[in-house]
Amino acid sequence: MRTAVIPYRFDKDTPAGTIAERFGALEPGQGSGQVVSVAGRIMLNRPQGKLAFATLRDETGEVQLFSLEASTEDFEALTKLHLGDWVGATGEVVRTRRGELSVQVATWVLLAEARRGFGDKWKGVSDPEIRYRQREVDLWANESTRTRLDIRAKVLRSMRERLWALGFTEVETPLLHPIPGGAAAKPFTTHHNALDTELFLRVAPELYLKRLVIGGMEKVFEIGRSFRNEGISPRHNPEFTTIELYQAYIDYTDLMVLFEELVAGICLDVLGTTVLSYQERELDLTPPWRRASMWELIEEATGTSVSMATPIEQLRELLVAAGAKVDDSWGPGRLIAELFEETAEAAQWAPVFVVPYPKEISPLSRVHRDDAELVERFEPIIAGRELGNGFSELIDPDDQRARFEEQAQAHASGDDEAMLVDEEYLRAMEQGLPPTGGFGLGVDRLVMLLADTANIREIIAFPTLRPEVLLRSVEVETTEATEA
RNA sequence: GCGCCUCUAGCUCAACGGCAGAGCAACGGACUCUUAAUCCGCAGGUUUCGGGUUCGAAUCCCGAGGGGCGCACCA
């Protein structure tokens, strides 16, 4: 290995991927007279006696390095580079006799050594253990990994640009909450030493965002992480990204339009079409999406007609017949919602807004203007999965207090996902929340659709895994010796 | 949390009750137009770990650990 000191900077002036476009007209065996500096990783190395070929890859693409013992500095060392080593190289752009556009290296410098390599040079790395735990390896070994992360970045960018264009203000609210609120979920718990107080990682930003609306921010959104202390699955990561959006003076019908337009618009920005292929099946996101009630969809799926007026015993029987558990405390609303999830939800492929929702399972939604048992809430279902949740916000502080108290009672009797009474939020509501519509959207789920992945880990750079146990005793001894 | 599947060289994989192997990477060498270059040579392993059955275990059984999938829960 070369003993030269690794430089602190390198004047890279040409992305590898731009060379083909700029110098495509060169004939085989011809030089361009143009000297460029490229930098990246050695992906393949083909020394051939007194000349050598190597494939250099950077973020933009690949280019061949062509070296000659007679004219390339430190030729011997160049031919001994390892796959994965970072190098910077400077030389004329030429096309070799065999027709490959190349940088004919005059000078070069090692920028980093790859001591570990990147797996099989042809097959790469496929072991999920390595792919998820050592994403840096996966990113280099598998091009599609980079593509998926790029799609995620484009989704976030498009989302922001579209909302900015609509006049929304992006805000940030606390991740550390004194009371977990805004969603039915088990929180992570932590502790602040100086305040000597228990804090929770947020399960949803909802309540803080509505307080900003109370404070006069009429159109706000937040894109960020929430945390739920629940199971991990191909569709669930303990930390996940959502966008929540609130706009004063609009209701749930306006929200559905906003939602479908936003999702379809993002899809158009990222993929150039609103008709995509997901898991080898066509999925058309072109608005408007269907609006349908739970009972309508249940009837379609099962042939059985149900409604909020169906006798509770019958609903219980149907749910048991569908193979689900039934809790005695559940009213008709919860039973119908469970029945829907059990029998009809997974079958919804094309986008559909399930609307309205039972009041019983919606502690933050405003009562439906036409039916006291319902709320003005919807959930968009795409490819069998909930993509989000939205509603006309509950604005009456007295009603909100009553709903919180119901939740707190459920919590006290063992439902550890039920909410608690949030006095801070109730006080804020008493300042006056105008009629407001708000929705949340699972960003990871949306990215999964656009990136065509069935597993959420594929579109999260570093998904949550059980911590790795590395044997470090030798390093610890070294450290102690140094300190002593 | 429960169920099913899986774990062999750095990577990708064979061997499936009878001497643990190949390709790539690595290491040494040859080669003046290669494209997963080619050729010669060399090295690489507590078969995830711990028990058990057996004359003999990577292989069969039990347990532990990591991972994947399904269920549950949700976005």
Side-chain angles (χ1 to χ4, degrees), chain A residues 28-29 42-55 62-72 75 79-80 82-84 94-102 104 114-134 137-138 140-142 182-186 203-204 206 225-244 323-325 338 341-342 345 361 379-382 385-390 415-417 439-449 454-457 463 465-470:
Chain A
I42 299 295
M43 301 308 288
L44 296 167
N45 205 358
R46 298 180 290 277
Q48 166 110 26
K50 292 184 167 53
L51 44 91
F53 305 88
T55 303
E62 294 184 347
V63 69
Q64 177 167 270
L65 300 183
F66 174 45
S67 317
L68 292 145
E69 189 179 40
S71 63
T72 300
F75 177 82
T79 64
K80 291 192 168 143
H82 288 175
L83 304 193
V94 302
R95 194 183 283 281
T96 59
R97 276 182 232 159
R98 291 293 185 87
E100 184 76 17
L101 213 46
S102 309
Q104 187 173 322
R115 293 190 192 172
R116 291 177 182 272
F118 285 85
D120 189 283
K121 78 176 177 186
W122 185 240
K123 295 188 172 174
V125 174
S126 57
D127 181 357
E129 179 108 33
I130 297 173
R131 292 197 47 236
Y132 298 147
R133 284 194 198 278
Q134 296 176 248
V137 174
D138 182 37
W140 268 104
N142 301 303
K186 286 172 222 155
V203 295
E206 172 148 356
R225 224 68 68 82
S226 287
F227 306 84
R228 297 189 186 173
N229 206 341
E230 293 161 354
I232 295 176
S233 86
R235 287 161 295 283
H236 301 267
N237 199 57
E239 52 179 306
F240 60 101
T241 301
T242 60
I243 171 169
E244 285 205 8
K325 285 175 287 186
E338 296 280 343
E341 284 171 22
E342 202 64 37
E345 184 172 280
I361 54 166
E379 283 200 6
I381 310 292
I382 299 181
R385 292 182 210 138
E386 298 159 20
L387 190 65
N389 183 20
D415 182 354
D416 53 5
E417 291 180 3
F439 69 65
L441 187 168
V443 171
D444 306 283
R445 292 275 175 89
L446 177 59
V447 175
M448 285 172 71
L449 288 178
N455 193 326
I456 197 168
R457 283 175 240 245
L465 297 177
R466 191 177 295 278
E468 202 172 4
V469 179
L470 293 172

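The structure displayed is predicted, hence computed values, not measured ones. Just so it is clear: chains get the letters A, B, ... in the order the sequence lines come, proteins before strands, and each one is counted from 1.
Relative to the side chain of A/Lys121, the nucleotides B/A75, B/A37, B/G67 differ in distance, and B/A37 lies closest. When each of B/A25, B/G67, B/A75 is scored by its nearest atom to the side-chain atoms of A/Leu465, the top-ranked nucleotide is B/G67. For A/Gln48, whose side chain is taken as the heavy atoms from C-beta onward, the closest listed nucleotide among B/A37, B/A36, B/A75 is B/A37. Taking only side-chain atoms of A/Thr96, from C-beta outward, the nucleotide of B/C69, B/A26, B/C33 with the closest atom is B/C33. Of the candidates B/C73, B/C11, B/A37, the closest approach to any side-chain atom of A/Glu338 belongs to B/C73.
Nucleic acid contact class of A/Ser226 (heavy atoms, under 4.0 Å, all strands): none. A/Asn237 comes within contact range of at least one nucleobase, with a heavy-atom separation under 4.0 Å. In this structure, A/Glu69 reaches neither bases nor backbone, as no heavy-atom distance under 4.0 Å exists between it and the strands shown. Looking at heavy-atom distances under 4.0 Å, A/Arg457 makes contact with sugar-phosphate atoms alone, never a base. Residue contacts shown for A/Arg385 are absent, as no nucleic acid heavy atom lies under 4.0 Å away. Residue A/Asn389 is classed as having no contact, given no heavy-atom separation below 4.0 Å to the nucleic acid. Counting any heavy atom pair closer than 4.0 Å across all strands shown, A/Phe118 reaches no nucleic acid atom. As judged by a 4.0 angstrom heavy-atom cut-off over every strand, A/Lys50 is placed among the base-contacting residues. Using a 4.0 Å heavy-atom distance criterion, A/Gly29 is classed as making no nucleic acid contact. Within 4.0 Å of A/Gly440, counting heavy atoms only, lies no atom of the nucleic acid at all. Across all strands, A/Pro47 comes closer than 4.0 Å to base atoms (heavy-atom distances). Backbone-only contact: A/Gly119 has heavy atoms under 4.0 Å from sugar-phosphate atoms and none from a base. Base contact: A/Glu100 has a heavy atom under 4.0 Å from a base atom. Backbone-only engagement by A/Leu44 is indicated by non-hydrogen atom pairs under 4.0 Å involving sugar-phosphate atoms exclusively.
Rounded to whole Å, the separation between the P atoms of B/U8 and B/C13 comes to 10 Å.
With hydrogens and angles ignored, a donor-acceptor pair under 3.5 angstrom links the side chain of A/Asp120 to the base of B/G23.
A distance of 8.0 Å separates CD1 of A/Ile361 from CD of A/Glu338, quoted to the nearest 0.5 Å.
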Residue pair A/Asn237, A/Asp444: steps toward the side chain to side chain contact (heavy atoms under 4.5 Å, CB included) verdict: CA-CA 9 Å; A/Asn237 199 57; A/Asp444 306 283; over 6 Å; no
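In this structure, A/Glu379 contributes its side chain and A/Glu386 its backbone to no donor-acceptor pair below 3.5 Å.
Look at CZ on A/Arg131: it is 14 Å from C1' on B/C11, rounded to the nearest Å.
Nearest heavy-atom pair, A/Thr79 versus A/Asn45, reported as atom, atom and distance to 0.1 Å: O-ND2, 3.3 Å.
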Given Watson-Crick and G-U pairs under 3.5 Å, RNA chain B in dot-bracket ([ ] crossing, | other strand) is (((((((..((((....[..))))..((((.......))))......(((((..]....))))))))))))....
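Just one of A/Leu65, A/Leu44, A/Val63, A/Leu83 meets the side-chain contact (heavy atoms from CB on, under 4.5 Å) condition when paired with A/Thr55; it is A/Leu44.
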